[in-house]
2 protein chains.
Amino acid sequence: MAGRGVTIADVAARAGVAASTVSYVLSGKRSISPETADRVMAAVADLGYHPHAGARSLASRRAGVVAMMLPLRDGMHLPVLMQFASGAVTEARRHDQDVLLMTADEGPAGLARVAASAIVDGLILMDVEVRDPRVEALRRLGLPSVLIGFPADAEGLTCVDLDFEAAGRVCARYLVDRGCDDIALLGASEAVYARRTGFAERVREGFLHRAGPRAEVWPCPDDPASVQRTVKELLTSKPELAGIAVHNEPAVGHVMHALADAGKRVGEDFHVVVIGPDEVAERTHPQLPSVLVPAETLAETAVRHLMRKLDGLDVPESTLIEPQLTLR
Amino acid sequence: MAGRGVTIADVAARAGVAASTVSYVLSGKRSISPETADRVMAAVADLGYHPHAGARSLASRRAGVVAMMLPLRDGMHLPVLMQFASGAVTEARRHDQDVLLMTADEGPAGLARVAASAIVDGLILMDVEVRDPRVEALRRLGLPSVLIGFPADAEGLTCVDLDFEAAGRVCARYLVDRGCDDIALLGASEAVYARRTGFAERVREGFLHRAGPRAEVWPCPDDPASVQRTVKELLTSKPELAGIAVHNEPAVGHVMHALADAGKRVGEDFHVVVIGPDEVAERTHPQLPSVLVPAETLAETAVRHLMRKLDGLDVPESTLIEPQLTLR
DNA sequence: CTTGGTCATCGAAGCGCTTCGACAGAGCTC
DNA sequence: GAGCTCTGTCGAAGCGCTTCGATGACCAAG
């Protein structure tokens, strides 16, 4: 069936038209009579014709492929990345595009390569950091792109991310709604802030904004001992503390232990809410409510924005995805 | 710098040679004098030239891209998939190839599409099942490919997978070496067997082969209650039981609880070894030794085999990766 | 000195597609 | 019924590369 090397000429011959007519039927760029179009489509189906991607890209200067650069090396939470990749591919296919997978370690040179070789039409850059050398390269290359995350200078770029400030607000509200007056946000470790300033601050602002005057924010390292100590100090300094939001993935388990040690019964006389992946919140006992990074939604939004850019439409420079609180 | 649209003609002009000469310098397919080659390479560097992927693919009938079809939808352990993807991209880049990401839900039609459009030269199919419609499509299309996993009829295909029989042996040996006489393998739930018969049996055979006559294999569902019951029955039926291997990811945590309830102190008077991802074995207390699916190695091997096939070299039809036991 | 053989390079053809301009024929208008 | 404008279709050019055959330069052998 779908023979090797069915060309547009074969389709044209079978339908009794010129190759250009086949092209126009397929692209819809000129009006074609319904009868001709039907015959062409029938020939396409009969022969199992698919345009040669290289030829198409050469002639039309559109590859039909977008690149996705993921930080595969370290750091990011693997399942989240996978969800992201999955969402991006699915959405891209809806637009008849394929997705080329790149790793962040190819860096700016990798971007230059794909741009110059015209192997992709555009690019989605995952996990953008505040000072990211790739961003500068992107500007220079003029390759249409969408970033996940916000670099220091986002001027002229299209960025998508979770609305972390809203996430902070949502967590505060969750605790307040449960009658907690004294609450705290247990923040991330220094390492995280170092890489991506901004997003931690935004959580904190959202949290404080929505919480009462007796809310506090405590930074927190993530090794067991430090968490234990931090929680103990926190409880001592605020004896009325009734709820905390944890924005520090690796610390969540330790926090739960520390609270148990202090005699707090989470879910009853004490409330905890997590900002992080589902797995983290599900692994505790009891399971915790959480606000997660909505990887699929981010990916879909990013792809959709990129498609619009490729079509010459405009898109907002900055898009913030509304956080969702999952109760458990 | 890397201007938009630097062509081979630009490079040729700058180096004072014909375009074909540039091509030959770059591909090494004809001998070129060192002086000329140097001049050409200098021009390439100066102009930031990268060949147009589409043009190259059209002229040479080689896209320089391989597809990787992942089961993004469900089932498989996400982190493992991600490691796999990462390993594949890294290895592919070493061979100057890019990787196109596809999802398994495109099915046979997706394979037909990428084959006919010549967008990729070859394909890596992840998580192949015993009866997999994609395998048939693959045969029909004649697209060079490497499968991860073994379908029912692997004749003429190139397959790579973990050597599950060896994994079973390794686990048995671990327990035997620790002086356990009575040991058991706690197997997977029915659902897993239904999809991919074969690999569970192989673990079992390896286990029994290496273990003493008093070893047993117990199948086990993975909900908490069933695990609890299964473990209890197991301990009753074999009072001398001193170690078990668990080949059932979701059950591991429950097994540990059941053992604790029964008064067994794992790591001291009782031994447990896991066949599964690192995360599963690290999440328990104490952490357990485990044999993991070596995703990166599998990916690298698969890509390497595919490259050889694309170069017309031959590769073994079946490759089994040696399992590694990680002590903790 | 011819002849034959390498070696390094060139020019042209062609890969399969899109796109542009051209052009018949149909349907208007006046 | 002459002059329009539209519509639907065709043919040819050209996208940037690889590859094949040809060619000149040079050298060794006869």
Side-chain angles (χ1 to χ4, degrees), chain A residues 2-41 43-44 47-65 96 113-119 121, chain B residues 2-41 43-44 47-65 96 113-119 121:
Chain A
R4 261 223 140 312
V6 178
T7 75
I8 201 173
D10 300 329
V11 176
R14 179 176 252 255
V17 299
S20 52
T21 303
V22 175
S23 178
Y24 286 125
V25 170
L26 260 26
S27 71
K29 292 193 178 171
R30 279 195 185 177
S31 67
I32 297 285
S33 72
E35 303 84 59
T36 304
D38 287 351
R39 250 182 313 133
V40 168
M41 292 313 286
V44 165
L47 300 174
Y49 170 71
H50 289 272
H52 187 288
R56 188 210 274 277
S57 128
L58 182 55
S60 70
R61 343 207 99 245
R62 273 280 227 135
V65 180
D96 249 293
R113 178 177 69 84
V114 295
S117 68
I119 195 176
D121 301 321
Chain B
R4 258 226 143 310
V6 178
T7 75
I8 200 172
D10 300 330
V11 176
R14 179 175 252 252
V17 298
S20 52
T21 301
V22 175
S23 178
Y24 286 124
V25 170
L26 260 26
S27 70
K29 292 192 180 171
R30 280 197 186 175
S31 66
I32 296 285
S33 71
E35 305 83 57
T36 306
D38 286 351
R39 251 181 315 135
V40 168
M41 293 312 288
V44 166
L47 300 174
Y49 170 71
H50 289 272
H52 187 288
R56 188 209 274 276
S57 128
L58 182 56
S60 70
R61 341 208 101 244
R62 275 280 228 138
V65 180
D96 248 294
R113 179 177 68 84
V114 294
S117 67
I119 195 176
D121 301 322

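Proteins come first, then strands; the chains are lettered A, B, ... in the order of their sequence lines, and each starts at number 1. Only heavy atoms go into these numbers, but all of them, side chains included; no hydrogens, no water, no symmetry mates.
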Subject >> Donor-acceptor under 3.5 Å (B/Asp38 side chain, B/Glu35 main chain) >> reply: no
Original post:
Does B/Asp121 reach the main-chain N or O of B/Arg62 with its side chain, forming a donor-acceptor pair under 3.5 Å?
Top reply: no
Please list every donor-acceptor pair under 3.5 Å in which a side-chain atom of residues 16-31 of chain A meets a protein atom from a residue at least two apart or in another chain.
{"residue": "A/Ser27", "atom": "OG", "partner": "A/Ser23", "partner atom": "O", "Å": "3.2"}
{"residue": "A/Ser27", "atom": "OG", "partner": "A/Lys29", "partner atom": "N", "Å": "3.3"}

Original post:
On DNA chain C, nearest-nucleotide positions of B/Glu35 versus B/Ala55: which is more 5'?
Top reply: B/Glu35
Nearest-0.5 Å distance that lies between atom [atom1] in [X] and atom [atom2] in [Y]:
X	Y	atom1	atom2	result
B/Arg61	B/Arg56	CZ	CZ	15.0 Å
A/Thr7	A/Leu47	OG1	CG	9.5 Å
B/Ile119	B/Arg113	CD1	CZ	6.5 Å

Rounding to an integer number of Å, can you tell me how far [X] [atom1] sits from [N] [atom2]?
X	N	atom1	atom2	result
A/Ile8	C/dG16	CD1	P	12 Å
A/His52	D/dC15	NE2	P	19 Å
A/Leu58	C/dC17	CG	C1'	8 Å
A/Arg39	D/dG8	CZ	P	14 Å

Original post:
Looking at DNA chain D, which of residues 17-32 of chain B put a heavy atom within less than 4.0 Å of it?
Top reply: B/Ser20, B/Ser23, B/Tyr24, B/Lys29, B/Arg30
Subject >> Nearest listed nucleotide, side chain of B/Arg56, among C/dG16, C/dA8, D/dC17 >> reply: D/dC17
Original post:
D/dC17, D/dG14, D/dT9: which one has an atom nearest the side-chain heavy atoms of B/Pro51?
Top reply: D/dC17
**OP:** Check whether any side-chain nitrogen or oxygen of B/Ser57 sits under 4.0 Å from OP1 or OP2 of C/dC15, and answer yes or no.
**Re:** no
Original post:
Any side-chain N or O of B/Arg61 less than 4.0 Å from the OP1 or OP2 oxygen of C/dG16?
Top reply: yes
